[in-house]
Amino acid sequence: MDSRAGRTPDPSEQTLRHLMGEARWSAMLTGAHVRRHPIGSTLLRQGEPGTHVLALLDGVAKVVRRTPDGGLTLLAFRGPGEVLGEVAVLDGIVRMADVEAIGPCTVAVVSSAVFLRFVADQQLYPVMVRYALGRLRESDVARGGGDVVARLAAALVFLAELSGGTSGAAAPAEVALALTRDDLAQYLGVSRNTISTGLAGLGPAGVDCGRRRIVVGDLSALRKAAAPALLRD
């Protein structure tokens, strides 16, 4: 929770778009090619070289790392205003994870040369460090231990807000995403059965997780359930 404002931080305030500002975000996208991807498509592939970054204009994606034995770990969710694939471009290494659309996504393709030149010209390296630290913070909240119900609630609040879910206290926020209990289990680092138990524990918030659909009956109640995870240092 943001103690200065007494509220859970809006995901849009943690994006690269917010951190660099509207003017620089727009300038970065000048001349970029816009692509649209259907739900379930792969935006970036693990092991490929970092030839470009994707600026996510609309939609929600998940970042998934694959292990040599075929295992999967869902590392993060990304929404509008994020840049995807920048680590491989900045470090000059291959991509360390897949990025998959869990809703219809619109992206702008920025070549590695253009992105690197823009970051240097605009002196954005401190911003990129702050952006990376914000992503680490998200990972810590998700997988840092503690009450599973609170961490699950925090993840669902994050997804609802990424997807433009209503902020009303008791209005249903329906989020249509290609997301499963297994995905949530990977993201939080727990078992699928633990996720099912946690969803049952969020009954007072009117949470219903079905196939490619999450319904939150009371987003305010869900935020309260998430508070212990968000307040943990």
Side-chain angles (χ1 to χ4, degrees), residues 11-12 14-20 25 28-29 32-68 70-116 118-119 127-128 130-143 155-156 158-164 175-189 212 214:
S12 67
Q14 314 303 310
T15 65
L16 187 58
R17 179 176 185 170
H18 177 81
L19 294 176
M20 70 165 53
W25 175 264
M28 184 182 71
L29 301 184
H33 172 64
V34 175
R35 294 194 314 217
R36 290 174 176 80
H37 293 271
I39 188 170
S41 59
T42 300
L43 308 183
L44 298 171
R45 293 188 184 278
Q46 183 173 330
E48 290 185 343
T51 57
H52 60 280
V53 301
L54 300 178
L56 188 51
L57 306 179
D58 187 55
V60 181
K62 64 180 181 181
V63 182
V64 181
R65 180 170 294 160
R66 302 178 184 275
T67 60
L72 299 174
T73 302
L74 199 163
L75 300 176
F77 296 107
R78 296 287 171 250
E82 303 275 18
V83 167
L84 310 170
E86 82 287 354
V87 174
V89 169
L90 291 170
D91 282 358
I93 57 175
V94 297
R95 304 199 190 282
M96 301 301 292
D98 289 347
V99 179
E100 301 174 4
I102 58 175
C105 288
T106 303
V107 300
V109 183
V110 181
S111 73
S112 58
V114 170
F115 181 72
L116 288 171
F118 184 81
V119 169
V127 172
M128 300 306 299
R130 184 180 174 192
Y131 183 50
L133 290 174
R135 288 181 162 187
L136 288 175
R137 171 70 173 174
E138 176 198 337
S139 177
D140 180 63
V141 169
R143 288 177 287 276
L156 294 177
F158 184 66
L159 281 167
E161 292 179 340
L162 276 184
S163 306
V175 182
L177 299 171
L179 194 66
T180 66
R181 284 175 169 80
D182 287 331
D183 287 331
L184 291 171
Q186 292 169 22
Y187 181 60
L188 297 179
R212 294 188 176 183
I214 299 171

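- Nearest approach of L188 to A155, heavy atoms of both residues: CD2-CB, 4.4 Å.
- Here the CZ atom belonging to R45 is positioned 7.0 Å from the CG atom belonging to D98, to the nearest 0.5 angstrom.
- The distance from atom CG of L177 to atom CG of L162, rounded to the nearest 0.5 Å, is 9.0 Å.
- G50 and V89 get closest at one heavy-atom pair: O-CG2, 3.4 Å.
- Looking at heavy atoms from C-beta onward, L75 lies in side-chain contact with T73 at the 4.5 angstrom threshold.
- Going from atom CD of Q186 over to atom CG of L184 covers 9.5 Å, rounded to the nearest 0.5 Å.
- Residue E82 comes nearest to G79 through the heavy atom pair CG-O, 2.9 Å, listed as atom of the first residue, atom of the second, then distance.
- Put simply, the side chain of R65 reaches to within 4.5 Å of the side chain of Q46, judged on heavy atoms.
- The side-chain heavy atoms of D183 and T180, taken from C-beta on, include a pair separated by under 4.5 Å.
- Of the candidates Q14, R78, R143, R78 is the only one forming a side-chain hydrogen bond (donor to acceptor under 3.5 Å, both in side chains) with E138.
- Here OG1 of T15 is found 9.0 Å from CE of M20. Values are rounded to the nearest 0.5 Å.
- Side chain of R95 to main chain of G85: a donor-acceptor pair is present (N/O by atom type, distance under 3.5 Å, no hydrogens or angles).
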Problem set entry | Pair L44-H52, side-chain contact (heavy atoms from CB on, under 4.5 Å): steps then yes or no | CA-CA 10 Å; L44 298 171; H52 60 280; 3.7 Å; yes
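- Atom CG of L54 sits about 10.5 Å away from atom NE2 of H33, to the nearest 0.5 Å.
- Residues F118 and L29 are not in side-chain contact: their nearest non-hydrogen atoms beyond the backbone lie 4.5 Å or more apart.
- Between M128 and L16, the closest side-chain pair of non-hydrogen atoms falls below 4.5 Å.
- The distance from atom CH2 of W25 to atom CG of L19, rounded to the nearest 0.5 Å, is 10.5 Å.
- The shortest side-chain heavy-atom distance between L179 and L159 falls under the 4.5 Å cut-off.
- Minimum heavy-atom separation, A97 to V63: CB-CG1, 3.7 Å.
- Remark: the R35 side chain and the H37 side chain contain an N/O donor-acceptor pair separated by less than 3.5 Å.
- Within the 4.5 Å cutoff, the side chain of V83 has heavy atoms near those of the M28 side chain.
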